[in-house]
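To keep things clear, I will list the structure first and then write my remarks on it.
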Amino acid sequence: QVQLVESGGGLVQAGGSLRLSCAASARAFSSAAMGWFRQGPGKEREFVAAISKSGGMTSYTDSVKGRFTISRDTAKNTVYLKMNSLRPEDTAVYYCAAGWTTSWPPREYTAWGHGTQVTVSS
């Protein structure tokens with residue numbers, strides 16, 4: 001099975017940018033749709049963004065549209081989340097996930113990373 005490891009989190013001021021990376025351990029990454037989720041303090045996990053296995057389709061939750069960009073590099077088995085114009089409400093642990101459903105967007109994600117902390121100060 002695929003193992004996912006997130007990196008790139010940290011502390012940034014409001015209005016700043018960060019790029020998160022998610023490295024996958026196996027070639028099965030290339031056949032999986034990938035997603036980013038986040039969980040803020042005292043909140044439930046929420047969907048942030050997804051990208052199809054080919055990279056040709058993307059989806060974003062309304063609150064990040066125009067600010068965040070998801071992308072993938074199949075040769076590096078890595079998916080990215082570029083975050084611009086960060087706001088304090090973006091503070092959360094960010095998780096990447098992989099799903100092998102045939103529908104778009106994916107119906108479920110079956111492999112998850114352990115998360116990376118993003119903190120946005122005001």
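No hydrogens, no waters, no symmetry mates; every other heavy atom, side chains included, goes into these values.
- Taken to the nearest 0.5 Å, the CD atom of Gln13 stands 5.0 Å off from the OG atom of Ser121.
- The NE2 atom of His114 sits 12.5 Å away from the OG1 atom of Thr116 when rounded to the nearest 0.5 Å.
- Using a 4.5 Å heavy-atom threshold, the side chains of Ile70 and Val79 count as touching.
- The CD atom of Glu44 sits 10.5 Å away from atom CD of Glu46, with the distance rounded to the nearest 0.5 Å.
- Looking only at distances, a side-chain donor or acceptor of Arg67 sits under 3.5 Å from a matching main-chain atom of Ser85.
- Looking only at side-chain heavy atoms (C-beta outward), Gln117 and Thr91 come within less than 4.5 Å of each other.
- You'll find the side chain of Ser71 stays beyond 4.5 Å of the side chain of Lys82, heavy atoms only.
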Self-check item: From CA spacing to verdict: side-chain contact (heavy atoms from CB on, under 4.5 Å), Val48, Phe68
Solution: CA-CA 9 Å; Val48 177; Phe68 291 11; 3.8 Å; yes

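- Counting Ile, Leu, Val, Met, Phe, Trp and Tyr side chains that sit under 4.5 Å apart, directly or through other members, Phe47 shares a hydrophobic cluster with Phe37, Val93, Tyr95, Tyr109, Trp112.
- A salt bridge is defined here as a Lys NZ or Arg NE, NH1 or NH2 lying under 4.0 Å from an Asp or Glu carboxylate O, and Arg87 with Asp90 fails to meet this definition.
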Practice problem: Any chance you could lay out the side-chain contact (heavy atoms from CB on, under 4.5 Å) test for Arg19 and Leu81, step after step, and finish with the verdict? | Solution: CA-CA 6 Å; Arg19 188 181 72 163; Leu81 185 69; over 6 Å; no

Self-check item: Candidate pair Arg72 and Phe29, rule side-chain contact (heavy atoms from CB on, under 4.5 Å), full reasoning
Solution: CA-CA 10 Å; Arg72 67 192 298 161; Phe29 168 86; 3.5 Å; yes

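- Put simply, the side chain of Leu20 reaches to within 4.5 Å of the side chain of Val118, judged on heavy atoms.
- With Ser30 contributing its side chain and Ala28 its backbone, the two residues share no donor-acceptor pair below 3.5 Å.
- Considering every non-hydrogen atom in both Trp36 and Ser21, the closest pair reads CH2-O, 3.8 Å.
- At distances below 3.5 Å, at least one donor-acceptor pair connects side-chain atoms of Thr101 with backbone N or O atoms of Arg107.
- Tyr80 and Leu4 fall into different hydrophobic clusters, where Ile, Leu, Val, Met, Phe, Trp and Tyr residues are linked whenever their side-chain heavy atoms come under 4.5 Å apart, directly or through other members.
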Practice problem: Under the side-chain contact (heavy atoms from CB on, under 4.5 Å) rule, what do Asn84 and Ser17 come out as? Steps first, then yes or no, please. | Solution: CA-CA 4 Å; Asn84 295 325; Ser17 299; 2.8 Å; yes

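- The minimum heavy-atom distance linking Gly115 with Glu6 is given by the pair N-OE1, 2.8 Å.
- Heavy-atom minimum distance, Ala14 versus Ser122: CB-CA, 4.4 Å.
- No more than 12 heavy atoms of other residues, nucleotides or ligands lie within 6.0 Å of CD in Gln3, so this atom counts as exposed by the packing criterion.
- Both Val64 and Met83 are members of a single hydrophobic cluster when ILVMFWY side chains are connected at heavy-atom separations under 4.5 Å.
- Under a hydrophobic clustering in which Ile, Leu, Val, Met, Phe, Trp and Tyr are joined whenever their side-chain heavy atoms come within less than 4.5 Å, directly or via other members, Val2 and Met34 fall into the same cluster.
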